[in-house]
**Q** 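Attaching a single structure in structure tokens format; questions to follow.
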Amino acid sequence: MLQLPLAERLAAASEAAGGGPEAVAVGAMAVSLMSRGDDARDLLSTLPWAGPDQYLVALATLRAGNLFFDLGDAAGADAVLAEVDGLLHDPAVAKGLAGIRTTMLAFLGAPDQAIAVSQARDSWADAPPVAAILLEWGRVVAHGDLGDTTAMRRDLQLAQRHSEADPGVAMLRYPILMSCEAALLSLGEIEEAAELVAEAVAALADLPGGPQAMSATMLGLTALGRGQLPAALDHFTASSTAFLASGDTSGWLVVSLMSLARAAAQSGDPQRATRAHETLVEHPHTGFLRYAPEIALAGAWVAAAHGSTTLARERARGAAQIARERGQLACEMLALHVAVRFDDRQCADRLAQLALVVDGRRPLLAAQHASALAHGDGVALMDVAGRLEAAGDLLAAADAAAQAATQFRARSLHGSALSASAMAHRLAAECGGAWSPALSAIDAPAALSDRERECALLAAEGLSNRAIADLLVVSVRTVEGHLYRASSKVGATSRSELARLLAPSAGLRRPETGAAPGGPRPTRAP
């Protein structure tokens, strides 16, 4: 029931009364779930490597899980599993170690390897409950990354059966549900994701401390998926604050912070987005490499919020490349769709390929979005906008409609441009005041080119001409020319007036410093 302090007290009392290894294991799991990895390690170290194979598998699973999740020591976890593997007598029981190995590989961003290792369950003897549920968690994560929703739903059902059969592992159903929710949202199954976690959210909301933060995270993910930005900001602010205070090491903090950065950026608040992203980078976890593409994608949104669409596209493509190299096809698809929303016209072919192998509503819509943009087809973009709205993805729908308006305006189809702009503004308003580069473009003076507008927005952010040149990899003279032409077109007589004319329509907030968005320009996306 996630009443972890009480569980720790009862386990200690049981141990003192002669409860034996089981009492120690329960206490270790309780303190581990409270992100007290050192305390859990000390408790588990008192248990000897001696006993039946089932006991050894359960002990190894707890020790390796503590090292991997709480202490960020993947190598140490591997060493524990190798050590106990040599002590086991029954090969069928030994395959129970596949549980923790599957989860570790999934979170290390190796979904294909995780699924391969998990096949051992088909021939293992009865595994300890903790090993069985960890294996299904790893499969949920891996199949979600591969975009195989049919297999992921089946894995979730098995995990739920394990959690119902043994109260000792029931608490793990919450991170498993969150993993499945996040995967469904990335694949465009927004309402299914919301329905999936509704019961869990209600149960957690009544419990103090960490459970409420878990509930807030899941509510925030659903709100962000639906484009309910004010609600998403509130939920992620509450959850990230709580997880930071508790020193969370289980992954909830990572999800909360990278989602907060995205929500703040899409709300037009670059400073809040930057703070969330910087805090995320300051709390790395060597076991959570699977989140690297999503962290990079959050950085892309931060750059976009600061007005640097070029850097945002570069980071989104970099996030997609990281995901592709690891076989995280669903994340690659999502990152490329974000790049399309940043006006990247080079993604259509790859998105068309991914639409053939990745499940869900988003892959096909993302491919259609990319194709329509690549061909400059305003009518097709409007069709995509309507389909995205029907799927519940209002933020992406607003961008597609805004891009349609830009295409219509470029062809002097003023009536169509007005209709598309009206749809984009309506959707942005329904999201609580959404901001994006595409929405900014339709509010900017029509005569500005994309590069003139980008330079002007970066100047409005307080960057010097040299900083803008470094960011966009052009000469200072080129930046000066873009700013001169932008000022002439909008009738601005000074840099401050140009900022005043552009910043309000773009939804930008003035920065506290003149630093480039997201820090120094990287050679590739982080």
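What's counted below: heavy atoms across the whole structure, side chains too, no hydrogens, waters or symmetry copies.
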**Q** Minimum heavy-atom separation for Gln403 and Leu373, please, with both atom names.
**A**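 Gln403 and Leu373 have their closest heavy atoms at NE2-CD2, 3.9 Å.
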**Q** What do the steps show when you test His283 against Leu244 for side chain to side chain contact (heavy atoms under 4.5 Å, CB included), and what is the final call?
**A** CA-CA 9 Å; His283 292 78; Leu244 279 169; 3.7 Å; yes
**Q** Do Gln321 and Glu325 meet the criterion of a side-chain donor-acceptor pair at a distance under 3.5 Å?
**A**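 Side-chain D/A pair, Gln321 to Glu325: present.
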**Q** If you define the side chain from C-beta out and look only at heavy atoms, does anything of Thr274 sit under 4.5 Å from His306?
**A**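 Contact flag for Thr274/His306 side chains = yes.
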**Q** Under 30°, 30 to 60°, or over 60°: which ring-plane class applies to Phe288 and Phe69, parallel, tilted or perpendicular?
**A**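 Aromatic pair Phe288/Phe69 classed tilted.
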**Q** Let me see the working for Leu418 and Phe408 under side chain to side chain contact (heavy atoms under 4.5 Å, CB included), right down to the final yes or no.
**A** CA-CA 9 Å; Leu418 285 173; Phe408 288 138; over 6 Å; no
**Q** For the CD atom of Gln368 and the CG atom of Asp377, what is their distance to the nearest 0.5 Å?
**A**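 Here the rounded value is 12.0 Å.
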**Q** I need the single residue from Leu184, Leu329, Thr149 that forms a side chain to side chain contact (heavy atoms under 4.5 Å, CB included) with Asp359. Which is it?
**A**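 For Asp359, the side chain to side chain contact (heavy atoms under 4.5 Å, CB included) check succeeds only for Thr149.
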**Q** side-chain hydrogen bond (donor to acceptor under 3.5 Å, both in side chains) between Gln271 and Arg275: does it pass, once the steps are laid out?
**A** CA-CA 6 Å; Gln271 277 66 56; Arg275 287 194 298 271; over 6 Å; no
**Q** Which heavy atom of Val140 sits nearest to which heavy atom of Ser179, and what is that distance?
**A**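 Heavy atoms only, the tightest pair is CG1-CB, 4.3 Å.
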**Q** Please report the interatomic distance CG(Leu457) to CG(Leu463), rounded to the nearest 0.5 Å.
**A**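 Going from the CG atom of Leu457 to the CG atom of Leu463 covers 11.5 Å.
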**Q** With a 4.5 Å heavy-atom cut-off, do Trp301 and Val338 have their side chains touching?
**A**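 Heavy-atom side-chain distance check passes, below 4.5 Å.
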**Q** Within the 3.5 Å criterion, strictly below it, is a donor on Trp252 or Ser239 matched to an acceptor on the partner's side chain?
**A**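 Their side chains do not contain a donor-acceptor pair, so the 3.5 Å distance test is not met.
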**Q** Give the intermediate values and the outcome of side chain to side chain contact (heavy atoms under 4.5 Å, CB included) for residues Glu389 and Met423.
**A** CA-CA 10 Å; Glu389 182 181 9; Met423 180 180 183; 3.5 Å; yes
**Q** If you round to the nearest 0.5 Å, how far is OG of Ser487 from CD of Glu452?
**A**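 So the CD of Glu452 and the OG of Ser487 are separated by 9.5 Å.
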**Q** Give a yes or no on this: more than 12 heavy atoms of other residues, nucleotides or ligands lie within 6.0 Å of atom CD of Glu480.
**A**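 Atom CD in Glu480 is packed in, count exceeds 12.
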**Q** So, for Thr241 and Thr237, which heavy atoms are closest and what is the spacing to 0.1 Å?
**A**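 The answer is OG1-O, 2.7 Å.
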**Q** In the structure I gave you, are the side-chain heavy atoms of Ile115 and His143 within less than 4.5 Å of one another anywhere?
**A**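 Yes, close enough: below the 4.5 Å cut-off.
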**Q** If you measure from CD on Glu199 to CG on Leu204, what distance do you get to the nearest 0.5 Å?
**A**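 Spacing of CD (Glu199) from CG (Leu204) equals 10.5 Å.
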**Q** Answer whether the closest heavy-atom distance between the side chains of Pro363 and Leu354 falls below 4.5 Å.
**A**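 With C-beta onward as the side chain, the pair stays apart.
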**Q** Just by distance, do the side chain of Ser163 and the backbone of Gln160 share a donor-acceptor pair under 3.5 Å?
**A**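 Checking the backbone N and O of Gln160 against the side chain of Ser163, a donor-acceptor pair under 3.5 Å is found.
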**Q** Can you tell if the side chain of Val281 reaches within under 4.5 Å of the side chain of His277, non-hydrogen atoms only?
**A**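 SC-SC contact between Val281 and His277 confirmed.
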**Q** Can Arg341 and Leu395 be said to form a side chain to side chain contact (heavy atoms under 4.5 Å, CB included), step by step?
**A** CA-CA 10 Å; Arg341 292 167 63 184; Leu395 291 166; 3.6 Å; yes
**Q** Verify whether one side chain among Thr310 and Glu454 offers a donor that lies under 3.5 Å from an acceptor in the other.
**A**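 Indeed, the side chains of Thr310 and Glu454 share at least one donor-acceptor pair under 3.5 Å.
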**Q** Can you find a side-chain donor-acceptor pair between Arg411 and Gln407 that sits under 3.5 Å?
**A**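 A donor-acceptor contact under 3.5 Å links the two side chains.
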**Q** Is there a donor-acceptor pair closer than 3.5 Å between any side-chain N or O of Thr249 and the backbone N or O of Ser35?
**A**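 Side chain of Thr249 to backbone of Ser35, a donor-acceptor pair under 3.5 Å: no, none is there.
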**Q** Please examine the side chains of Met214 and Leu2, heavy atoms only from C-beta on, and report whether any two atoms are closer than 4.5 Å.
**A**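 Sidechains of Met214 and Leu2: in contact.
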**Q** Considering the options Arg350, Arg313, Arg315, Arg317, which one meets the salt bridge (charged side-chain N to carboxylate O under 4.0 Å, His left out) requirement together with Asp344?
**A**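 For Asp344, the salt bridge (charged side-chain N to carboxylate O under 4.0 Å, His left out) test succeeds with only one of Arg350, Arg313, Arg315, Arg317, which is Arg317.
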**Q** Rounded to the nearest 0.5 Å, what separation is found between the CD1 atom of Ile295 and the CZ atom of Arg290?
**A**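 The distance works out to 10.5 Å.
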**Q** Quick check: closest heavy atoms across Glu189 and Gly360, and the distance to 0.1 Å?
**A**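 Looking at all heavy atoms of both residues, the shortest contact is OE2-CA, 3.3 Å.
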**Q** Mind checking the NE2-OG spacing from His235 to Ser259? Nearest 0.5 Å is all I need.
**A**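 Answer rounded to 0.5 Å: 12.5 Å.
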**Q** Check for a donor-acceptor pair, side chain of His337 on one end and backbone N or O of Met333 on the other, with a separation under 3.5 Å.
**A**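 Checking the backbone N and O of Met333 against the side chain of His337, no donor-acceptor pair under 3.5 Å is found.
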**Q** Tell me the closest heavy-atom pair linking Leu185 and Arg362, and the distance in Å.
**A**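 Closest approach of Leu185 to Arg362: O-NH2, 3.2 Å.
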**Q** Do you know the tightest heavy-atom contact between Cys180 and Leu156?
**A**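 Result for this residue pair: SG-CD2, 3.9 Å.
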**Q** Counting distance only, does the side-chain N/O of Thr222 pair as donor-acceptor with the main-chain N or O of Leu219 below 3.5 Å?
**A**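 A pair under 3.5 Å: no.
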